[in-house]
Amino acid sequence: MLIRTTMALLTLLYHSNMMANNTEYKLKTALIYKLAKFVEWPSVDTQGFGICVLGENNLAKVAKALEQRKIKGVAVIVYPFQQSSSIRNNCQILYIAHTKQPFIDTILQQIQSKPILTISDMPQFAQQGGMIQLSLINKTIRFKINLSQVKASNLQIASPLLSIAEIISP
Amino acid sequence: MKILFCLILLITVHHSVSANSESLDDLLEMPLEDLLSMEVTSVTKKSQSIANSAAAVYVITQKMIQNSGVTSIPEALRLAPGLQVAQITSNKWAISSRGFNGFFANKLLVLIDGRSVYTPAFSGVYWDQQDILLEDIERIEVIRGPGATLWGSNAVNGVINIISKSAVNTTNGLVTLGTGSHQKRLLGFRYGNKLNQTTYGRFYLKQSNREDFEDNPFPHKSDDWDQSQIGFRMDGHDKQHNWTVQGDYYQSKQNQFITFFLPNSTIPVRVNDEMQTRGWNLLAQWQYQFSSQSIADLQLYYDDNYRQEIYLTQTHHIFDVDFQHQFKLGTKQSIIWGLGYRRIKDKFDNSFSIGLFPDEKTVELYSGFIQDEIELFANKVYFTLGSKFEDNDYTGMEYQPNLRLLWKINPRNTLWTAVSYAVRTPSRISHDVILANAILLVDTPGNIINPNIQLFGNPKFDAEKLMAYELGYRVQAQENLSLDISGFYYNYRDLRSYDLVTNRVIFDNNLNANSIGLETIVDWQVKEWWQLKFNYTYINIDASLDNSSMDTGSKRIVEGSTAEHQISLTSFMQLSPKWSMNLWWQYIDEIPVASSTALQTRTKIDDYLSLNAKVTWQATTRLELSLIGRHLLDNQHPEFIGEAFIIPTEVKRSIYGMLKFHF
């Protein structure tokens, strides 16, 4: 009996996604996952679908749970970063924390024309050359999409997503 | 035992099912449209606005608290620059902002979730009565400098705002266990969950037992303590409303060494005092959003506390109600205004040593404030002006205006400046006290040792006044390097002095002072896995007496009770996904004259360097084990000498282990 309960307890210990207790991060994680379904990349690395999170460790921790899922038929890998210089080529999606706003120009320049979908909740993100901006309006999340930037990076966004987003042309 | 084990297991199993049934997996299965209709309260919004404020603000985050391995609020405050934090005994602290420290430090306002925790008896904080489950802290905002306009009197040298997490963000269980030297027993438990579609709740309990510091000269305990606290918090929301109800109950038993006078004796006696504290509070807050541009807040709380010491027993019943409303006026102006009322009913059981007359009193406080933030140039220059108006029973109406200017030079550089006026209104003690052993507080020439002198409160004692000039600069030099510098010049008038009138000493306002200081904060993410934080604090205080006063003691204490230099360096390394290490050095300069007791015994506090270390092993996603060492560089060192009654002990090296389990 004791052995069995111990085993059960250990199984519970190793069960993941338990730390996911913040609504905002959970919602953002879900949105990143959902958004990916509406986007076409020119090619996807079969080694793993890279979701990179820059400067927001708490989100990366929650998003880690996506590693049990697949996007475009490829298993997800979540990479947390503090500095943009650490970003490698294996990102399909790059989420940028709002705290990186002072450096947004250099960060975007670094990955310019690479097929990386950029997402952030910083104000003016879409105007400043980001692709999908999440903004909080009346407690719910809305999208702003910089379509020319998306196209310049050889990405395509399906029309159902475009129809519910505000299209920004800087 | 086995039954208990199964029960725990049952709760765990049951919980993990219910959490999964509405957690991330659920969200991932929802259509996008449903996700977009979900309500979310942003946690990042508030911290963003703090980074853009025209004030010297520092935020102690939950992560910093966890990395440091501290186990109490006072210890966590050591992380902030510009604060003086010193431990007098195992259970007593002296904490202040920008100087004027002491056990009875009275120029700092401390709020826990909007509830003021300074005691109206002397306008200071009994730190041994303030606790919270540290894991439930969202952040601690430390505002150095006057915050009087928004927060009111006693926010003279600073405001500490301890903010706990919304119950929305604690929908799981947590058990913490710790033990070791000095920290004999640390227990924490929290359980939170979603109660219905819009309501979340949690409850917690905390029990700590700490050993005494002293290899003491008496055969019994000197300063050990035992503390227990329970509490809850509920948060609910819908489209336009947010509400919070929370409460705590605590009690503690502490030992302390006391020196005081008995009737007809000229020699102070030293006794061991088994003191007790207990209290409870209940707070309700309701926020109504008229539109995204207009939000109103109503907050009510009741705070009841009891403190029994050998020389004085105090009971306070505090009722407080606050209303505030913020809205946009046109496109350029944000206005925030508010009204407040507080009623404090107290009762003292006097002793020969100290007494308050009358021993029961009710005082009332009416306040209002208005502040206007004007955007002078879009996204560039902001000008803020405002004032607090407060009517108190001691000095009547007090105005506390301020002017602030913020210039965002570019996204990486921000410059700000402020001019403010603030007051410290008299406390019950400065008005109504009779203290037998005035000798412990005053050093008047010719009366070095004369315990027959009594200290009297003064009904004409006026508010202490401060004109503060501040300048600050924040720069995000590189993505991984930021710098924050603030400097200040303070001019104090009518500070408290002790003046001799015939055979009496009374509180008076014959002391003036100037202070000048600088705080520098450097944050450097050296590598992805390595972060350094460096703080440097400099402060110098000069005091002068009015011609009528002979109180050279107070002058020397004001000048000598603050360490001129303080340095803190923290290195956090994520060595591997499972292992991390935090090292934290602190240098505190000497304190020449900590208090009247230090002056009288001619004892200074030497400078010291301390090292704290924490090694953490994240065994699984749910289980974390850590080993913490505090004050590792010496066996023991003194940090402060309190003003009266309490005999200080020396802070000892301690090593303890912690276990944290999420379920």
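The basis for the numbers below is simple: all heavy atoms, side chains too, and nothing from hydrogens, waters or symmetry mates. Sequence lines set the chain letters: A, B, ... in the order given, protein chains first and strands last, and positions in each chain run from 1.
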Of the non-hydrogen atoms in A/A30 and B/L28, which two are nearest, and what is the gap between them?
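Residues A/A30 and B/L28, closest heavy atoms: CA-CD2, 3.6 Å.
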Closest non-hydrogen atom pair between B/R412 and A/P102, with its separation
NE-O, 3.3 Å
Is a side-chain donor or acceptor of B/E479 paired with a backbone partner of A/S84 at a separation under 3.5 angstrom?
yes
Taking NZ, NE, NH1 and NH2 as the nitrogens, is one of them in A/K26 or B/D26 under 4.0 Å from a carboxylate oxygen of the other?
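Looking at A/K26 and B/D26, the cut-off is not met.
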What's the separation between atom OG in A/S85 and atom CD in B/E528, rounded to the nearest 0.5 Å?
7.0 Å
I need the A/T29 OG1 to B/L27 CG distance, nearest 0.5 Å.
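Those atoms lie 9.0 Å apart.
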Could you tell me whether [X] atom [atom1] has more than 12 heavy atoms of other residues or ligands within 6.0 Å of it?
X	atom1	result
A/Q127	CD	yes
B/W524	CH2	no
B/K380	NZ	yes
B/W617	CH2	no
B/K527	NZ	no

Please assess A/K34 against B/D34 for the test salt bridge (charged side-chain N to carboxylate O under 4.0 Å, His left out), listing each intermediate value before the final yes or no.
CA-CA 11 Å; A/K34 289 284 168 188; B/D34 288 3; over 6 Å; no
When A/R142, A/K64, A/K37 are compared by non-hydrogen pairs under 4.5 Å with chain B, the top option
A/R142
For each of A/F103, A/Y33, A/F81, tally heavy-atom pairs with chain B at distances under 4.5 Å, and name the one with the top tally.
A/F103
Could you tell me which portion of B/E29 (side chain, backbone, both or neither) has an atom closer than 4.5 angstrom to a non-hydrogen atom of chain A?
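Both parts, backbone and side chain.
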Which portion of [X] sits near chain B, non-hydrogen atoms under 4.5 angstrom:
X	answer
A/L31	both
A/I104	neither
A/L134	neither
A/T106	side chain

Run the side-chain contact (heavy atoms from CB on, under 4.5 Å) test against A/N57 and tell me which residues pass, sequence neighbours left out.
A/P80, A/Q82
Of all of B/Q478, B/Q289, B/K63, which one pairs up most often with chain A through heavy atoms under 4.5 Å apart?
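If we count pairs closer than 4.5 Å to chain A, B/Q478 comes out on top.
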